[in-house]
Amino acid sequence: MIRWKKPEVDMQNLPRHIGIIMDGNGRWAKRRGLPRSAGHARGADNFKKIVRFCGEIGIDYLTVYAFSTENWSRPKDEVEALMKLLSEYLEKAYKELDERVRVKIIGERQMLSPTLQKKVADLEKYTESRTGMVLNIALSYGGRQEILHAVDQIAAEVQNGSLAPEAITEETISDRIYTNGQPDPDLIIRPSGEKRISNFLLWQCAYSEFWYSDILWPDFSSKHLLAAIADYQKRNRRFGGV
Ligand code: FPP
């Protein structure tokens, strides 16, 4: 039996922004002979626990990958099950979510149903003035699409004369992506054994530290999060310097 050693975390030196790819719901369900939707339901419950824990320990920004632009190609019943979970979450968040947390949905929201778009806009508005943790939920999100969208905007501004081509800098792009005004993620966590970025926060992850684990998302707990943070704190971030 492997004994769990409590990770030593320096609570004064937490990553400001954590990104999580919530992967492995399907395998979690399959191992139990359950439908994939049951894995997503457990994944959604776990998402709520991890959001609460991140808020409690003082993380400033948490970005979770809930549904990618590529996930639309999954079987219709699976997409519907995921949209239902998201819709329920957006309704229950008024009562269940810590009242300091500000919610922001990042992604191609026009792809969502009109009802879901309204729920998204309502919750964002309701939590807009909160000053605690920012929770970005990536929904119909793709990193390449996000960059493309910024480039489209820049091209339009250049064309209408409001932006000079020689004035385009990295900030020009950072200011036009969904996470504008937020720090880039310090730490990106991917459970489930895959070691890919899968189109998540491509622009923002330039200097992020990565942490992978074989644990499946529904089983990922606060102790795994602390282990990831402890590991992150041991690393020497040089941002390209020496
Ligand atoms: C990847 O696991 C997971 C997803 C595509 C969905 C993630 C969604 C949730 C955790 C629920 C979100 C709900 C709310 C309320 C935010 P997978 O299905 O690809 O798993 P597999 O690789 O084992 O098949």
Side-chain angles (χ1 to χ4, degrees), residues 18-55 59 61-98 101-109 111-113 115-117 119-124 126-127 133-143 145 178 188-201 212-222 224-225:
I18 297 180
I20 306 183
I21 301 176
M22 305 187 291
D23 195 12
N25 297 341
R27 276 162 286 170
W28 184 93
K30 192 169 176 203
R31 282 180 197 174
R32 288 161 180 79
L34 297 169
R36 292 178 61 81
S37 57
H40 293 315
R42 278 298 279 262
D45 287 344
N46 200 42
F47 151 79
K48 291 180 208 165
K49 284 188 203 151
I50 295 295
V51 168
R52 197 174 313 125
F53 185 71
C54 285
I59 300 300
Y61 298 86
L62 174 67
T63 303
V64 293
Y65 208 178
F67 194 88
S68 71
T69 42
E70 292 73 24
N71 287 154
W72 289 112
S73 65
R74 291 197 176 194
K76 192 167 169 274
D77 60 340
E78 185 172 345
V79 171
E80 279 173 6
L82 279 164
M83 291 301 143
K84 189 160 178 278
L85 283 170
L86 288 157
S87 174
E88 284 168 3
Y89 175 72
L90 294 169
E91 278 170 25
K92 290 186 183 160
Y94 293 90
K95 276 198 174 160
E96 292 183 0
L97 184 66
D98 181 318
V101 174
R102 175 174 181 184
V103 178
K104 197 167 153 45
I105 305 296
I106 61 170
E108 297 179 324
R109 58 179 73 200
M111 292 291 290
L112 306 173
S113 72
T115 319
L116 204 52
Q117 285 186 42
K119 286 183 185 173
V120 159
D122 288 349
L123 185 62
E124 283 182 332
Y126 187 78
T127 63
M133 183 173 81
V134 173
L135 169 62
N136 297 312
I137 304 177
L139 200 49
S140 192
Y141 173 88
Q145 290 80 358
Y178 299 124
I188 294 185
I189 294 172
R190 180 165 195 162
S192 96
E194 312 293 349
K195 296 187 174 71
R196 287 188 292 276
I197 192 71
S198 298
N199 210 8
F200 185 52
L201 304 179
Y212 301 100
S213 158
D214 286 342
I215 195 93
L216 302 175
W217 173 250
D219 295 325
F220 182 92
S221 68
S222 53
H224 299 108
L225 188 93

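Just follow the structure's listing: the first ligand is 1, and inside any ligand the first atom is 1. Residue numbers count from 1 along this sequence.
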Atoms of ligand 1, numbered as shown, that sit under 4.0 Å from any heavy atom of Ala66 = 6 (C), 7 (C), 8 (C)
Numbering as shown, the atoms of ligand 1 that approach Leu86 to under 4.0 Å (heavy-atom distance) = 14 (C), 16 (C)
If the threshold is 4.0 Å, N to carboxylate O, is there a salt bridge linking [X] and [Y]?
X: Asp23; Y: Arg190; answer: yes
X: Glu88; Y: Lys119; answer: no
X: Lys76; Y: Glu80; answer: yes
X: Glu194; Y: Arg27; answer: yes

Can you find an N or O of [X] that's nearer than 3.5 Å to an N or O of ligand 1?
X: Tyr65; value: no
X: Ala44; value: no
X: Asn25; value: yes
X: Arg74; value: yes
X: Tyr89; value: no
X: Gly26; value: yes
X: Asp23; value: yes

Closest approach of Ile197 and Ile188, non-hydrogen atoms and distance?
-> CD1-CD1, 4.2 Å
Identity and distance of the protein heavy atom lying nearest [atom]:
atom: atom 12 (C) of ligand 1; value: Met22 CE, 4.1 Å
atom: atom 5 (C) of ligand 1; value: Asn71 OD1, 3.5 Å
atom: atom 4 (C) of ligand 1; value: His40 CE1, 4.0 Å

Is Arg32 positioned over the aromatic face of Trp28, cation under 6.0 angstrom from the ring centre and no more than 45 degrees off axis?
->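 Flagged: Arg32 positioned over aromatic ring of Trp28.
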Is a side-chain donor-acceptor pair under 3.5 Å present for Trp217 with Ser192?
->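 No - no donor-acceptor pair under 3.5 Å links their side chains.
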Do the side chain of Tyr65 and the main chain of Ser198 share a donor and acceptor less than 3.5 angstrom apart?
->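 Yes: the side chain of Tyr65 pairs with the backbone of Ser198.
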The option among Lys30, Arg36, Arg27, Glu88 carrying the non-hydrogen atom nearest to atom 22 (O) of ligand 1 is Arg27
